[in-house]
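Since the structure is predicted, the reported quantities are computational estimates derived from the model, not experimental observations.
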Amino acid sequence: MSARRRLAWLAAYVLASLASFPHVLWGEVLDLGAVASWLAPACLLLALRGLAPLAAARFGFLAGLAAHAAILHWIYVVTVTYGNAPVWAGVLAPVALASYIACFPALFAGCHAWLRRAGLGGPFAVAILWASLDHLRAYALTGFPWATLGYAQHGNPALLGLAT
């Protein structure tokens, strides 16, 4: 895969991840989570095709960092506008938190590449891996369950029963 194409799929992952959560635009709430949250992992998987586990983990980290820094943009507003913190702290806060969260897409990407090489990277294995890492993120190091793609399905009545 060409570098340009890989970068396009990574950008699509970032955009789909950002679109997975509600945003207020022009006074209206735009909530594309029911669709975008399914597209985000697919875009990441397409971006990782053919990579060795370590390279996949690096790309997974960068993609997760960009996606979650964008998703957590509101932390800048909270720290600078309402917390009267300096601008550098407002920029650093979401990036630092996104760096922690990016470890999980990195782990997903590296494990997925390893599973593919071992012939075990089927759709069910990928889904179990993604859901397991999202669940782990909710508890590891005191947990951070915000902005997991499962929450983006809040408007999907068919999946709400699974959220208990």
Side-chain angles (χ1 to χ4, degrees), residues 3-4 6-48 51 54-112 129-157 159-164:
R4 179 176 281 169
R6 189 175 311 280
L7 189 58
W9 281 118
L10 289 171
Y13 165 75
V14 171
L15 291 174
S17 295
L18 181 61
S20 294
F21 301 96
H23 299 281
V24 177
L25 296 174
W26 303 288
E28 297 291 326
V29 175
L30 178 65
D31 186 1
L32 302 173
V35 174
S37 62
W38 293 97
L39 295 176
C43 293
L44 182 59
L45 288 172
L46 288 168
L48 300 174
L51 291 177
L54 188 56
R58 275 188 244 131
F59 275 101
F61 180 82
L62 293 174
L65 178 63
H68 286 89
I71 291 167
L72 299 172
H73 68 276
W74 56 270
I75 294 175
Y76 173 87
V77 175
V78 170
T79 55
V80 174
T81 304
Y82 301 112
N84 296 315
V87 171
W88 66 265
V91 171
L92 184 62
V95 171
L97 186 53
S99 295
Y100 164 69
I101 298 170
C103 293
F104 292 90
L107 187 57
F108 169 80
C111 289
H112 176 261
L129 179 61
W130 187 283
S132 297
L133 289 171
D134 268 1
H135 184 73
L136 176 64
R137 191 176 76 162
Y139 296 100
L141 300 174
T142 72
F144 190 81
W146 297 354
T148 61
L149 292 180
Y151 281 118
Q153 293 298 313
H154 66 89
N156 187 335
L159 295 178
L160 284 180
L162 298 173
T164 59

- Query: Angle class for the F104/Y100 ring planes (parallel below 30°, perpendicular above 60°, tilted otherwise)?
  - Reply: perpendicular

Which heavy atom of [X] sits nearest a heavy atom of [Y], and at what distance?
X: P41; Y: S37; value: CD-O, 3.1 Å
X: L10; Y: A63; value: CD2-CB, 3.7 Å
X: S20; Y: D31; value: O-OD1, 4.4 Å
X: P105; Y: G64; value: CG-CA, 3.9 Å
X: A56; Y: A109; value: O-CB, 3.1 Å
X: S99; Y: F61; value: O-CE1, 3.3 Å

- Query: Residues two or more places apart in sequence or in another chain: which of them pass side-chain contact (heavy atoms from CB on, under 4.5 Å) with L30?
  - Reply: L25, L32

In Å and rounded to the nearest 0.5 Å, what is the [atom1] to [atom2] distance from [X] to [Y]?
X: N84; Y: T79; atom1: CG; atom2: OG1; answer: 10.0 Å
X: T148; Y: F21; atom1: OG1; atom2: CZ; answer: 6.0 Å
X: Y13; Y: L48; atom1: OH; atom2: CG; answer: 9.5 Å
X: L15; Y: L39; atom1: CG; atom2: CG; answer: 11.5 Å
X: H112; Y: L107; atom1: NE2; atom2: CG; answer: 13.0 Å
X: H73; Y: H23; atom1: NE2; atom2: NE2; answer: 6.0 Å

Between [Y] and [X], is there a side-chain heavy-atom distance shorter than 4.5 Å?
X: V95; Y: L72; value: no
X: L45; Y: W9; value: no
X: L54; Y: F59; value: no
X: I101; Y: I71; value: no

- Task: Kindly indicate, with the supporting measurements, whether the criterion side chain to side chain contact (heavy atoms under 4.5 Å, CB included) is fulfilled by I75 and V78.
- Result: CA-CA 5 Å; I75 294 175; V78 170; 5.5 Å; no

- Task: Keeping the roles fixed (side chain from H135, backbone from A131), state whether a donor-acceptor pair exists under 3.5 Å.
- Result: no

